[in-house]
Amino acid sequence: MAMKLVMLLIMVRLVYGELNAVDEGLKSERFVYEEQLLKKVIRMEFKMEQMEREMLQTHDKMTSTLQNLTLEIENKTTELKLVEERVSLPMVAFNAYSLTDYSLDTNQILIFRNTYLNEGNGYDNVLGLFTAPVAGLYMFSMHACNYGGRGFYYYIVVDNSIIAQSTKYNNVQTDCASVVTLTKLKKDQRVWVKCASGSSSSQLSDTSYRQSTFSGVLLRG
Ligand SMILES: *[C@@H]1O[C@H](CO)[C@@H](O)[C@H](O)[C@H]1NC(C)=O
Ligand SMILES: *[C@@H]1O[C@H](CO)[C@@H](O)[C@H](O)[C@H]1NC(C)=O
């Protein structure tokens, strides 16, 4: 009987010990699992932080690109407007002939009574003045014809400032010569030709073989 009891006790202890071991095993398995989970969570957090950083960088880059593009578009729009203005420039050109006076005094304005062309109505054939209807780059030319032995001294002026000066003189031949000049004008600035040195005899002459003219054209705005 006592022997049986001892055996039972031993068995109980064995089973108990085994159960304990299983429990321990379970505990360590759980610990490993939890540890792995924790590592995973940490890795994910790290990755998410990295992603967040990358997203912020991408966002900053996109914002900068967008700002640059906006500036570029604004720049191109302004340039397009300038080009449009240039393309839509009015036609401005005149070609005037037939002087009202051939014996000019010093500083007398040459007045051409007729025009072959007066696009934009810039040339005033009563006062002899060209008034720029728009600002821009202009070209002007005075074609002077006279008899041999006669001199004609003249200026092309913008609001009284000389922009071209020339002399037409040939000792023998009756002939013509021109001066051509370029100038930038503001709207409403005026241009004319004036005699630089007066004389009581005629300095210029027009016949069927030659003709003095004053002409001008707007090249670009
Ligand atoms: C935007 O323009 C600035 C200045 O020109 C430049 O430094 C920057 O790199 C540009 N950004 C992008 C995203 O192109
Ligand atoms: C547009 O940008 C170019 C180059 O930066 C510059 O030279 C030009 O003046 C700009 N145009 C306008 C209308 O701002």
* On the 0 to 90° scale, with breaks at 30° and 60°, tag the Y97-Y116 ring pair as parallel, tilted or perpendicular. => parallel

* Output every pair passing disulfide (SG to SG under 2.5 Å) with a member in residues 106-153, not counting sequence neighbours, ordered by first then second residue. => C145-C176

* **With N170 via side-chain contact (heavy atoms from CB on, under 4.5 Å) - residues at least two apart** => K168, V172, Q173, D175

* Does the side chain of S215 pick up a donor-acceptor pair with the side chain of T213 at under 3.5 Å? -> no

* Structure fact -> T78 meets the side-chain contact (heavy atoms from CB on, under 4.5 Å) criterion, sequence neighbours left out, with none

* Residues Y154, F152; criterion ring-ring contact (aromatic ring centres under 6.0 Å, His included); working and verdict -> CA-CA 6 Å; Y154 63 104; F152 174 53; 4.7 Å; yes

* To do: Could you name each residue pair satisfying salt bridge (charged side-chain N to carboxylate O under 4.0 Å, His left out) that touches residues 178-205, not counting sequence neighbours?
  => none

* **Residue list, salt bridge (Lys or Arg N to Asp or Glu O under 4.0 Å) with K61, at least two apart or on another chain** => none

* Do S200 and S103 touch side chain to side chain, with heavy atoms closer than 4.5 Å? -> no

* Structure fact -> R43 meets the salt bridge (Lys or Arg N to Asp or Glu O under 4.0 Å) criterion, sequence neighbours left out, with none

* **Over-ring placement of R220 relative to Y138, 6.0 Å and 45° cut-offs** => no

* To do: Please find out if less than 6.0 Å separates the ring center of F130 from that of F214.
  => no

